[in-house]
Number of protein chains: 2
Amino acid sequence: MAITIKDIAKRANVSTATVSRVINNKSEGISPQTREYIQSIIKELNYQPNALARGLITRKTSTIGLILPDITNPFFPDLVRGIEDAANKAGYSVFLGNSDDNAKKEKKYVQLMTEKKVDGIIFSSTAKYSKDLYDELIAADIPVVLIDRGESGDAYSGVYMKNEEGAYMATKHLLEQNHTRIGCISGPPSVQNSQDRVEGYKRALAEAGISVQESWIVSGGYRIDGGYEVARKMLADGEVTAIFACNDLMAIGVYEAAQELGKSIPRDVSVVGFDDIRLISTLMPKLTTIRQPAYQMGKEAAKILIQSIKKKGIKQKVVYWEPELMIRQSTTKL
Amino acid sequence: MAITIKDIAKRANVSTATVSRVINNKSEGISPQTREYIQSIIKELNYQPNALARGLITRKTSTIGLILPDITNPFFPDLVRGIEDAANKAGYSVFLGNSDDNAKKEKKYVQLMTEKKVDGIIFSSTAKYSKDLYDELIAADIPVVLIDRGESGDAYSGVYMKNEEGAYMATKHLLEQNHTRIGCISGPPSVQNSQDRVEGYKRALAEAGISVQESWIVSGGYRIDGGYEVARKMLADGEVTAIFACNDLMAIGVYEAAQELGKSIPRDVSVVGFDDIRLISTLMPKLTTIRQPAYQMGKEAAKILIQSIKKKGIKQKVVYWEPELMIRQSTTKL
DNA sequence: CTGAAAGCGCTTACAG
DNA sequence: CTGAAAGCGCTTACAG
């Protein structure tokens with residue numbers, strides 16, 4: 001058996017209450033001698049408090065949950081790292097759950113984490129029905145912060161990218177290079193951030209007085225092969241001189257399609273991506289893209305969550321991150 | 001307040017013991033009617049057991065810890081996903097910790113997880129001193145399984161790649177293409193799997209009757225820029241016609257150096273990597289590499305851990321995974 | 001400055 | 001088949 005507070009108390013000839021006080025640095029009302037004495041025997045016996053017992057009584061576990069679609073999507077590792085670093089620094093542990101944007105899995109994780117009494121949850125979900133989960137959590141007094149994907153508006157705390165703005169910048173960059181026939185490979189139609197990116201694309205075109213061709217906006221599902229499929233058609237048609245891919249993964253697909261069709265980037269097609277994920281630097285020519293500071297966003301989300309855990313009843317906080325256009329080699333003047 | 005087993009008991013006019021029994025599907029010794037009745041009111045009140053209280057008494061939390069160097073290293077997300085999937089399927093949650101291969105952080109995570117009473121830990125560490133942590137854990141009756149990196153031999157359960165074998169295959173492939181002057185960019189000298197890979201490289205050369213030049217073995221620290229630095233020198237010297245990079249990240253660095261020096265892959269240099277990480281497919285020409293099935297390895301590690309959690313006292317189990325040579329476009333006959 | 005006691009929400013022998 | 005009671009390892013008023 002592990003050694004407990006009772007063992008310490010017995011050994012030190014004090015009550016468990018006193019031991020508990022020194023462990024928690026409570027009320028100065030404790031003589032320096034006993035404090036030191038108890039501390040010495042805590043060290044001697046290498047005592048480690050049982051977090052379950054403590055959590056049961058304090059109703060705080062210093063644990064947070066993180067539910068995201070898929071850690072394997074290269075956008076997420078940096079996000080997770082940011083969350084983990086900030087959480088750990090503040091003394092919190094994090095539970096990880098991959099939902100695959102699947103309602104059942106999300107629900108299961110929420111339940112699991114709730115039973116394990118997490119102090120709060122960071123949620124990245126695209127699903128419409130997830131709203132019920134957020135509400136449930138909040139009703140149970142478990143703070144939630146949404147990240148990257150989620151409900152627009154400020155009903156919930158959240159950390160997002162200015163997706164519309166980023167897409168606008170990407171498209172405008174293309175327009176400034178004299179492109180007018182610009183394809184847009186969007187993400188899954190149901191995903192909010194994809195819709196926002198499409199909006200930004202449209203706004204840039206509209207501003208430039210170019211009428212939007214709905215046939216130039218096609219979903220590639222945020223996946224490499226989706227981007228590839230869509231790009232193959234767009235490029236074969238030759239309708240378009242530039243492509244804005246709503247994420248980098250799909251931009252990779254565009255590169256593959258271009259290579260297959262013997263088209264050169266940027267000479268034959270200019271392409272802009274979105275995310276600036278790690279290892280995108282291996283693409284040649286280097287991809288011009290919209291940078292999303294995943295690590296920072298994760299860090300911020302964790303901070304907000306921990307704040308609202310500590311000061312109960314804090315009202316929600318929403319942060320929108322500024323996109324940044326990283327001009328590299330995949331675009332050129334027409 | 002959340003609703004408790006007491007509330008259920010009161011409402012159902014039974015004792016908490018009975019409620020507990022139906023929750024845990026215990027001893028058939030319970031009448032179908034009461035069981036059903038209690039279940040109905042559990043559902044009605046949407047009762048969720050408190051895992052802290054349960055864990056406190058059962059000494060099982062259905063939680064495992066995962067400590068790895070850095071989720072941001074592209075080798076790990078798949079590993080994590082494999083672990084998470086297997087764990088979740090078996091009803092376990094996972095705590096994530098990034099150690100940066102740093103002794104203090106590792107120790108901190110072990111302590112945190114121990115206090116939170118994880119049932120077991122999956123550990124990926126390169127550090128020599130981590131051995132003490134494993135022993136501590138095992139002494140505290142917390143099963144450990146090492147993954148990818150760790151103590152060689154079978155003192156601990158572990159899931160590893162046959163690193164020596166993989167490197168041997170990579171090098172042999174190069175030899176079969178008539179290369180004899182083959183550079184080796186190794187990982188950090190202290191990392192076991194890097195040492196093993198270097199051994200495999202040496203064995204292949206020895207077998208081919210080629211004397212090993214120690215000056216051709218240089219560490220790139222498993223990082224892109226490290227691979228780049230080393231490759232720049234190797235390629236500038238022109239001493240070498242092929243490079244075996246001990247991981248894909250460093251192979252990326254080789255590509256960058258080659259491009260900068262105006263050398264063509266594979267015409268001027270052949271290169272083989274190790275890992276077959278995601279997105280390596282974006283490298284052009286496509287990288288020939290040794291495939292490491294990260295997802296499967298993670299899954300296996302979780303299964304082994306859960307097994308040893310369930311059947312206490314099971315003796316350790318060590319699994320070595322077979323490497324696979326993925327021949328693509330970065331190597332050619334001399 | 002310190003202790004006795006109650007209680008957090010469960011499970012599990014032990015009775016009956 | 002079911003209940004009373006003890007106990008897991010802590011913390012926290014309440015006394016003194």
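Residue numbers begin at 1 in each chain, while the letters A, B, ... track the order of the sequences.
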(request) State whether A:Ser15 places a side-chain N or O below 4.0 Å from either non-bridging phosphate oxygen (OP1 or OP2) of C:dA4. (result) no
(message) Checking contacts here: which listed nucleotide (C:dC8, C:dT12, D:dC10) is nearest the side-chain heavy atoms of A:Leu56?
(response) C:dC8
(request) Would you indicate, yes or no, if D:dC1 has its OP1 or OP2 atom less than 4.0 angstrom from a side-chain nitrogen or oxygen of B:Arg35? (result) no
(request) Determine: side-chain N/O of B:Thr58 to OP1/OP2 of C:dT11, distance under 4.0 Å, yes or no. (result) no
(request) Have a look at A:Ile83 and tell me which of A:Asp78, A:Leu305, A:Ile122 forms a side chain to side chain contact (heavy atoms under 4.5 Å, CB included) with it. (result) A:Ile122
(message) With a 4.0 Å cutoff (strictly under), does any side-chain N or O of B:Asn50 reach OP1 or OP2 of C:dC8?
(response) no
(message) Expressed as a whole number of angstroms, how long is the span from B:Asn24:CG to C:dT12:P?
(response) 7 Å
(message) Any salt bridge linking B:Asp132 with B:Lys107? Criterion: basic side-chain nitrogen under 4.0 Å from a carboxylate oxygen.
(response) no
(message) Between A:Ser99 and A:Lys105 (side chain of the first, backbone of the second, donor and acceptor by atom type, cut-off under 3.5 Å), is there such a pair?
(response) no
(message) So if I take every side-chain heavy atom of A:Ile57 and compare against D:dG9, C:dC10, C:dG7, which nucleotide ends up nearest?
(response) C:dG7
(request) Using distance alone, with no hydrogens and no angle criterion, decide if B:Asn193 and B:Tyr222 have a side-chain donor and acceptor under 3.5 Å apart. (result) yes
(message) Expressed as a whole number of angstroms, how long is the span from B:Arg59:CZ to C:dT11:P?
(response) 15 Å
(message) Using whole Å, what does the distance between atom C1' of nucleotide D:dG9 and atom OH of A:Tyr47 come to?
(response) 7 Å
(request) Could you check how far CG of A:Leu45 sits from P of D:dG9, rounded to whole Å? (result) 15 Å
(request) Send over the distance from B:Lys60 NZ to C:dT12 P, rounded to a whole Å. (result) 12 Å
(request) Using only side-chain N and O atoms of B:Thr34, determine if any of them is under 4.0 Å from OP1 or OP2 of D:dC1. (result) no
(message) Test your reading of the model: is there a side-chain donor-acceptor pair from B:Glu84 to the backbone of A:Asn98, 3.5 Å cut-off?
(response) yes
(request) Tell which nucleotide pairs with C:dC14, taking only Watson-Crick or G-U wobble pairs whose two distances are both under 3.5 angstrom. (result) D:dG3
(request) Check whether any side-chain N or O of A:Ser20 sits under 4.0 Å from OP1 or OP2 of D:dT11, and answer yes or no. (result) yes
(request) Report the distance from atom CD1 of B:Ile38 to atom C1' of D:dG3, rounded to the nearest whole Å. (result) 12 Å
(message) Please confirm whether the shortest side-chain N or O distance from A:Tyr37 to OP1 or OP2 of C:dT2 is below 4.0 Å.
(response) no
(request) Please state how far atom CD1 in A:Ile3 lies from atom C1' in D:dG9, giving the value in whole angstrom units. (result) 12 Å
(request) Using whole Å, report how far CD1 of B:Ile5 lies from C1' of C:dG7. (result) 16 Å
(request) Classify the side chain of A:Arg21 and the base of C:dG3 as holding, or not holding, a donor-acceptor pair under 3.5 Å. (result) yes
